[in-house]
Amino acid sequence: KQWYQRRVAITAGIDTSKLYTIRDLTEAQSGTLLPEITSVIQDYQKHVDRCETCSNQKFICSVCESPPLISPFRDVYSIAQCSQCHGVLHRPCFNRSDKCPYCSASLINEL
């Protein structure tokens, strides 16, 4: 049960990166948090690989409307996301835009 509670806490920390506990900070300093986070991410990735719904989610960038299609689960380092509507764009397209093409929110200082 304690392992499961810790797993839930780590998952919450991944989903909302602005929340950290003293335990998280202590484990980050000692080097024990990274293997736990890596394990959670690997579990997420296994789910995405096996889940038909998740693995088939791909989007066209609304700025360039060009390939490659965007997979928010796979391309986390090559995409950017609007903090208002959560629309996803290629990172270079995001960097060239000052307004989100989906909701018109300002993208300045988003990253």
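None of the values given here were measured: they were computed from a predicted structure.
- Annotation for S97 and C93: closest pair OG-O, 2.9 Å, computed over non-hydrogen atoms.
- Between S66 and C61, the closest side-chain pair of non-hydrogen atoms is not below 4.5 Å.
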**Message:** Test side chain to side chain contact (heavy atoms under 4.5 Å, CB included) on Y102 and C82; report intermediate values, then the result.
**Reply:** CA-CA 9 Å; Y102 300 105; C82 173; 5.9 Å; no
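- Listed for the Q81 side chain is no donor-acceptor partner under 3.5 Å among the backbone atoms of V88.
- Counting heavy atoms from C-beta outward, F59 and L89 have side chains that stay 4.5 Å or more apart.
- Listed here is the closest heavy atom pair of A28 and L33: N-CB, 3.7 Å.
- Minimum interatomic distance between K99 and S104 (heavy atoms only, all atoms of both residues): CD-O, 3.2 Å.
- Checked against side-chain contact (heavy atoms from CB on, under 4.5 Å), T26 has the following partners two or more places apart in sequence or in another chain: I22.
- Rounding to the nearest 0.5 Å gives a distance of 6.5 Å between CD of Q42 and NZ of K46.
- More than 12 heavy atoms of other residues, nucleotides or ligands shown are found within 6.0 angstrom of CG on L25.
- At least one side-chain heavy atom of R96 sits less than 4.5 Å from a side-chain heavy atom of P92.
- A donor-acceptor pair under 3.5 Å is absent between the side-chain atoms of T53 and the main chain of C51, judged by distance alone.
- Of the possible polar contacts, one joining the H90 side chain to the P68 backbone as a donor-acceptor pair under 3.5 Å is found.
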Practice problem: Begin with the C-alpha distance, continue with both residues' side-chain angles, and end with the deciding distance and a verdict on side chain to side chain contact (heavy atoms under 4.5 Å, CB included) for I79 and F94. | Solution: CA-CA 8 Å; I79 65 168; F94 182 93; over 6 Å; no
